[in-house]
Amino acid sequence: MKTEHIERPAVLAEMNAAFYRYEQALITNDITVLDELFWHDPRTVRYGAGENLYGIDAIRAFRAARPSQGLERQLVNTVITTFGDDMAVASTEFRREGADKIGRQQQTWVKMASGWKIVAAHVSLMG
């Protein structure tokens with residue numbers, strides 16, 4: 001891929017909007033938006049801090065059962081890189097008030113006919 005296809009300003013702006021829309025939905029537990037932003041496919045994967053979820057149905061079940069309190073967090077070191085017009089990787093660290101561990105989140109996004117979708121996600125905590 002030619003480097004001029006990496007981080008095209010218009011594509012990067014779209015991806016930033018999608019990423020921060022996801023973040024707002026995450027901290028407010030807006031399950032509708034969270035579901036909208038994940039690819040609705042059995043091949044979607046989300047590795048969480050304590051769970052491995054394979055497929056959109058497992059991801060939906062996790063979201064429905066997750067406590068809705070204590071979701072606020074501060075993002076640091078966020079890096080979003082787009083590749084061409086329809087693929088991006090978003091990486092960030094996060095911290096929660098009163099928690100000693102640093103969280104890490106990485107998502108692979110693909111732009112589909114219905115918009116930007118997370119096709120793979122990984123969340124982990126550092127001790």
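Positions are given from 1 along the sequence.
A donor-acceptor contact shorter than 3.5 Å is absent between the side chain of K101 and the backbone of R95. Side chain of T108 to main chain of V119: no donor-acceptor pair is present (N/O by atom type, distance under 3.5 Å, no hydrogens or angles).
Under a hydrophobic-cluster definition in which Ile, Leu, Val, Met, Phe, Trp and Tyr are linked whenever side-chain heavy atoms come within less than 4.5 Å, directly or via other members, L26 and V33 are assigned to the same cluster. When the side chains of ILVMFWY residues are joined at heavy-atom separations under 4.5 Å, either directly or via intervening members, Y47 and L125 end up in two distinct hydrophobic clusters. If you chain together hydrophobic residues whose side chains sit under 4.5 Å apart, L12 and M87 never meet in one group. Both F38 and M15 are part of a single hydrophobic cluster, where members link through side-chain heavy atoms under 4.5 Å apart. Hydrophobic clustering places W109 together with L75 (ILVMFWY residues linked when any side-chain heavy atoms are closer than 4.5 Å, directly or through intermediates).
Between Q107 and R46, the side chains place no donor N or O within less than 3.5 Å of an acceptor N or O (distance only, hydrogens not considered). D35 and H40 form a side-chain donor-acceptor contact under 3.5 Å, judged by distance and modelled atom types alone. Side-chain contact annotation: Q106 with S91, donor-acceptor N/O pair under 3.5 Å present.
Taking CD from E23 and CG from L37, the interatomic distance works out to 12.0 Å, rounded to the nearest 0.5 Å. Atom-to-atom distance recorded for T92:OG1 and Q74:CD is 10.5 Å, nearest 0.5 angstrom. Taking CZ of R104 as the start and CG of N77 as the end, the distance is 12.0 Å to the nearest 0.5 Å. Between the OG atom in S68 and the CG atom in D30 there is a gap of 12.0 Å [rounded to 0.5 Å]. The structure places CD1 of I102 at 11.0 Å from OG of S124, a figure rounded to the nearest 0.5 Å. The CD1 atom of I27 sits 8.5 Å away from the CG atom of L71 when rounded to the nearest 0.5 Å.
Classification of E14 and K111 as a salt-bridged pair holds, one side-chain N sitting under 4.0 Å from a carboxylate O.
Across every non-hydrogen atom of A25 and L34, the tightest pair is CB-CD2, 3.7 Å. Closest approach of A18 to W116, counting heavy atoms only: CB-CB, 4.0 Å. Minimum interatomic distance between F83 and I6 (heavy atoms only, all atoms of both residues): CD2-CG1, 4.1 Å. Nearest heavy atom pair, residue A64 against residue I31, reads CA-CD1, 4.3 Å.
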**OP:** Carefully, step by step, assess E36 and K117 under the rule salt bridge (Lys or Arg N to Asp or Glu O under 4.0 Å).
**Re:** CA-CA 8 Å; E36 174 192 330; K117 304 296 179 187; 5.1 Å; no

Original post:
side chain to side chain contact (heavy atoms under 4.5 Å, CB included) between I118 and Y22: does it pass, once the steps are laid out?
Top reply: CA-CA 10 Å; I118 299 167; Y22 176 86; 3.7 Å; yes

**OP:** Go through the steps for N29 and R63 under the test side-chain hydrogen bond (donor to acceptor under 3.5 Å, both in side chains), then give the verdict.
**Re:** CA-CA 8 Å; N29 203 39; R63 293 267 187 239; over 6 Å; no

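Side-chain contact between W39 and I59: absent, with no pair of heavy atoms (C-beta onward) separated by less than 4.5 Å.
For N52, the CG atom counts as densely surrounded, since its 6.0 Å shell holds more than 12 non-hydrogen atoms of other residues, nucleotides or ligands.
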